[in-house]
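Treat the numbers as computed from the prediction; the structure is a model and nothing was measured.
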Amino acid sequence: MQIAQSHVLLDACCILNFSASGHLLEILQAIPAQVAVPQVVRERELKTLQRLENEENEGATQFEAAIAQGLVIVVDFKSESEETSFVNYVFELGDDGESACCAIAVHRGWAIATDDKKAISFIQREISQLQIISTPEIIKHWSEKVALDASILRDALRAIRVKGRYLPRKNHPLLSWWQAALTDPDALEE
């Protein structure tokens, strides 16, 4: 996985998926760029992670630890033009998190990590210069970088599916890799 920019903004869906895996800190450490989260995403996502924590998930604790360790920086709008773009994107996307990620990424030249179908379609149509990275790309990169045991990867993907309620879309280029990792560890060699 190549990230052409110095920073990658994580949307709420990616944070939730990585937290659900049980390996948030390790996944963040594997990302080859500074990871950032908009303040609005932090506020919204932390509430979701705290709810999951009540279900024996350490997501909120790990997310705060990631911030404390500098694995994730929290950013807010730093210009009127970012705020204006945010408002315009909210009108298009109907979601503060994706809109904040897009606005900040556009103005700072950063990549964005999201799995939101509407946001991806909007970015590809309206702001195609943004690099979009998905949960499967990041998970695959992490698993390869640390030579992750197939059973640990399988458990992480299952947890993402169950706790994060995420599966790659049918046309995702890494869908077959994801399915193989869930079912047959030897298929990962393909």
Side-chain angles (χ1 to χ4, degrees), residues 1-38 41 45 59 62-63 66 71-73 75 93 95 97-98 100-102 104-106 108-185 187-190:
M1 174 178 74
Q2 294 289 330
I3 299 178
Q5 292 75 21
S6 61
H7 292 70
V8 60
L9 281 157
L10 292 186
D11 190 12
C13 53
C14 290
I15 296 167
L16 180 59
N17 291 337
F18 303 154
S19 295
S21 77
H23 299 277
L24 175 67
L25 297 176
E26 299 101 74
I27 293 167
L28 293 174
Q29 288 170 341
I31 296 174
Q34 174 62 61
V35 177
V37 174
V41 171
E45 191 54 31
Q62 282 196 4
F63 184 58
L71 294 172
V72 174
I73 59 171
V75 296
L93 296 171
D95 183 275
E98 281 96 9
C101 284
C102 288
I104 292 169
V106 163
R108 299 184 196 182
W110 293 356
I112 185 170
T114 186
D115 298 305
D116 185 87
K117 184 178 176 181
K118 188 174 182 179
I120 292 168
S121 176
F122 174 75
I123 292 166
Q124 290 172 335
R125 185 180 68 248
E126 301 292 331
I127 41 182
S128 60
Q129 75 274 17
L130 284 185
Q131 180 181 5
I132 305 168
I133 304 163
S134 65
T135 290
E137 289 173 280
I138 292 171
I139 297 295
K140 184 175 189 287
H141 174 77
W142 164 61
S143 71
E144 292 170 351
K145 183 174 181 178
V146 300
L148 196 62
D149 181 84
S151 64
I152 295 171
L153 176 60
R154 188 171 48 252
D155 290 346
L157 295 179
R158 285 179 181 155
I160 291 170
R161 183 180 61 202
V162 173
K163 293 178 184 175
R165 298 182 181 152
Y166 173 78
L167 283 173
R169 63 190 185 281
K170 292 179 182 176
N171 63 345
H172 195 288
L174 291 177
L175 177 61
S176 60
W177 171 84
W178 186 282
Q179 292 171 329
L182 278 170
T183 57
D184 181 10
L188 292 174
E189 301 302 317
E190 296 176 0

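- Take His141 and apply the ring-ring contact (aromatic ring centres under 6.0 Å, His included) test, not counting sequence neighbours, and it matches no residue.
- For Asp95, the salt bridge (charged side-chain N to carboxylate O under 4.0 Å, His left out) partners two or more places apart in sequence, or in a different chain, are Arg44.
- The main-chain N or O of Ile132 is never found under 3.5 Å from a side-chain atom of Gln124 such that the two would form a donor-acceptor pair.
- The backbone N or O of Thr135 sits less than 3.5 Å from a side-chain atom of Asp115, completing a donor-acceptor pair.
- Residues satisfying the side-chain contact (heavy atoms from CB on, under 4.5 Å) criterion with Ile152, sequence neighbours excluded, are His23, Leu148, Asp149.
- Under a 3.5 Å cut-off, the side chain of Ser21 and the backbone N or O of Phe18 do form a donor-acceptor pair.
- To the nearest 0.5 Å, atoms CG (Leu182) and CG (Leu167) are separated by 8.0 Å.
- Residues meeting the salt bridge (charged side-chain N to carboxylate O under 4.0 Å, His left out) test with Arg169, sequence neighbours left out: none.
- Qualifying side-chain contact (heavy atoms from CB on, under 4.5 Å) partners for Gln34, counting only residues two or more places apart in sequence or in other chains: His7, Ile73.
- Contacts classified as ring pair (Phe, Tyr, Trp, His ring centres under 6.0 Å) and involving residues 119-138 (residues at least two apart or in different chains) are given here: Tyr89-Phe122.
- In this structure, Ser121 contributes its side chain and Lys118 its backbone to no donor-acceptor pair below 3.5 Å.
- Gln5 places no side-chain N or O within donor-acceptor distance of the main-chain N or O of Gln131, the cut-off being under 3.5 Å.
- A heavy-atom distance below 4.5 Å is found between the side chains of Leu153 and Ile139.
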